[in-house]
Amino acid sequence: MTTNHNDRLERGENVFADVMTFPAPDDHTPATAGLLEFVFAEVWPRPGLTRRERRFVTLACVADADAETPLRDHVYGALNSGDLSIVEMRETVLHFAVYAGWPKASRFNMVVDEQWERIQRERGLQVPPPESLLPLGTPSDPEERLAVGEQAFKDVNCLPYAPLRDNPYQGAGILNFVFGEMWLRPGLGMKERRLVTVACVAFQDAPYPILSHVYAALKSRDISFDEMDELALHFAAYYGWPKASHLNQVIGEQKQRVTEEWAADAQAAS
C-alpha cells in the first residue's frame, strides 16, 4: 500500500465524516475504497460546486436509486450538517416528485421525516411543528393561475411560448401546478431547483426534457458552464457513468447552442 494511497484514503475518510456527519465505514472492500478514495477524496472537495449544491444532485440520485441506506444517510447528513433546512429538504422532495415520480418521492418523504425526528432526538429536542403551507403565494383564481403558469414556463425554460391549455397534462399539470405553483414556491431558490431538475431528467432517459432543462439552466445563467460540467461528474459518481456520459454529451451540445445564441443576441444589440 503506497503512501499516496494512504493519503487519499485518509483524505476520503475525513471528507466523508465532514459531509455525512458520522465516521467513514471501516472495511476494506474495493467498493468502499473507491467510495472513499474517489467520491469523497476527489469529487466532493472539487471547487466547481459547493458542498450544499452537491447535496441537491446527490439527494435526487439516491432517492431515485431505491437504495435505502444511501438515501437515509444523505438525508441525515444534509440536515444534520445544516446545509439544508427542513423546509428546503421538504421542497426538494416536492420538486423531486414532479420530475422523478410521486411513488419514489413518497419514500423520500418518509425518510426525511424519520431522519428529522432522529436528529431532534439526538440533540435532546422536540420535533418543531412544520412550517405553514398557507397562504400560497400564487393566485387562487383559475384563470390567473394559468396565466402565471404560462409566464413561469416561458421564464424557467427560456422560451417565447408556453404549452396550450387543451388537455389535463398541459393545463392542469404543467401550467396550473408545475409552473403555476411549484417552480414559484419560496422554499428553494432557482439554482437549487435547476440542480434537482437536471439530475432527475438525466436519469429519466427522456430526450426532450434533458435537452430543454440543460439548455434553460445554462441560458438563464443560473448554472454556469463550469458548474454544469461539475454537475455531470457528481451525477456520474452517484448514478453511474453511462447515463452521465449522455448528460455530458447533451451539456456539450447545449453549451454550443447557448454560446451561439448569446453571440447573436450581442450582435443584434450592437
Side-chain angles (χ1 to χ4, degrees), residues 48-49 53-67 70-71 74 88-89 91-109 149 152-159 161-163 169-170 173-175 177-185 187-258 261:
L49 291 171
E53 290 163 350
R54 292 180 186 279
R55 300 280 193 191
F56 293 100
V57 180
T58 306
L59 287 166
C61 290
V62 296
D64 191 74
D66 300 321
L71 175 58
H74 280 287
E88 291 172 325
M89 182 66 79
E91 285 293 330
T92 298
V93 172
L94 175 61
H95 202 98
F96 174 88
V98 167
Y99 285 99
W102 296 88
K104 285 180 184 284
S106 176
R107 182 59 191 148
F108 189 3
N109 192 60
F153 181 94
K154 296 175 186 178
D155 293 342
V156 170
N157 291 285
C158 301
L159 294 172
Y161 58 83
Y169 171 78
Q170 292 177 180
I174 296 296
L175 297 178
F177 176 66
V178 177
F179 291 95
E181 166 67 20
M182 189 200 68
W183 273 93
L184 303 177
R185 290 176 60 84
L188 279 181
M190 183 60 69
K191 184 174 187 178
E192 289 79 10
R193 292 189 184 279
R194 298 279 194 196
L195 293 168
V196 174
T197 305
V198 171
C200 288
V201 296
F203 56 61
Q204 291 288 4
D205 297 321
Y208 184 71
I210 187 173
L211 180 156
S212 64
H213 282 289
V214 168
Y215 166 79
L218 295 173
K219 183 67 181 288
S220 65
R221 302 181 192 268
D222 289 330
I223 299 180
S224 71
F225 284 15
D226 288 344
E227 288 171 332
M228 188 65 82
D229 287 340
E230 202 63 36
L231 190 162
L233 173 60
H234 199 93
F235 177 86
Y238 280 94
Y239 212 87
W241 297 93
K243 285 183 184 280
S245 177
H246 180 222
L247 173 59
N248 198 53
Q249 177 185 342
V250 172
I251 290 169
E253 294 166 353
Q254 297 312 304
K255 280 183 183 179
Q256 181 176 350
R257 174 187 174 189
V258 167
E261 289 180 356

ask   = Which of parallel (below 30°), tilted (30 to 60°) and perpendicular (above 60°) describes Trp183 and His213?
value = parallel
query = Strictly by modelled atom types, are Ser224 and Asp226 linked by a side-chain donor-acceptor pair under 3.5 Å?
reply = no
4.5 Å side-chain heavy-atom contact, Val156 and Phe179 = yes
Approximate separation, where rounding is to 0.5 Å, of Arg194 CZ and Leu218 CG = 9.5 Å
inquiry  = So which atom in Ala60 and which in Ala199 form the shortest heavy-atom distance, rounded to 0.1 Å?
reply    = CB-CB, 3.9 Å
task = Working to the nearest 0.5 Å, report the span between NE2 of His74 and CG of Leu59.
result = 8.0 Å
Beyond-backbone contact of Arg193 with Met182, side-chain heavy atoms, under 4.5 angstrom = yes
query = So, are Arg257 and Glu253 salt-bridged, with charged N and O less than 4.0 Å apart?
reply = no
request  = Output the distance between atom CG (Asn109) and atom CE (Met89), rounded to the nearest 0.5 Å.
outcome  = 11.0 Å
ask   = Quick one: do Asp66 and Arg107 make a salt bridge, cutoff under 4.0 Å?
value = no
ask   = Roughly how far, to the nearest 0.5 Å, is the CG atom of Leu231 from the CD1 atom of Ile251?
value = 6.5 Å
task = Compare all side-chain heavy atoms of Arg54 with those of Glu230 and state whether any distance is below 4.5 angstrom.
result = yes
inquiry  = Any salt bridge linking Asp222 with Lys191? Criterion: basic side-chain nitrogen under 4.0 Å from a carboxylate oxygen.
reply    = no
Gln204 side chain reached by Ile210 side chain, heavy atoms, under 4.5 Å = no
task = Measure the shortest side-chain to side-chain distance between Val198 and Leu247 over non-hydrogen atoms and say whether it is less than 4.5 angstrom.
result = yes
task = Indicate yes or no for a side-chain donor-acceptor contact from Thr92 to the backbone of Glu88 under 3.5 Å, with no hydrogens or angles considered.
result = yes
request  = Report the relative orientation of the aromatic rings in Phe203 and Phe235; use parallel for angles under 30°, tilted for 30 to 60°, perpendicular for over 60°.
outcome  = parallel
request  = Check whether any side-chain heavy atom of His95 sits under 4.5 Å from a side-chain heavy atom of Phe56, and report yes or no.
outcome  = no
message = Contact between Tyr99 and Val196 at the side-chain level, heavy atoms closer than 4.5 Å - yes or no?
response = no
ask   = Stepwise, does the side chain to side chain donor-acceptor pair (under 3.5 Å) test hold for Tyr239 with Asp64?
value = CA-CA 9 Å; Tyr239 212 87; Asp64 191 74; 2.5 Å; yes
ask   = Ignoring hydrogens and geometry, is there a side-chain-to-backbone donor-acceptor pair from Glu181 to Val178 under 3.5 Å?
value = no
ask   = Where the side chain of Asn157 meets the backbone of Phe153, is there a donor-acceptor pair that is under 3.5 Å apart?
value = yes
query = What are the two closest non-hydrogen atoms of Lys154 and Tyr161, and how far apart are they?
reply = CG-O, 3.5 Å
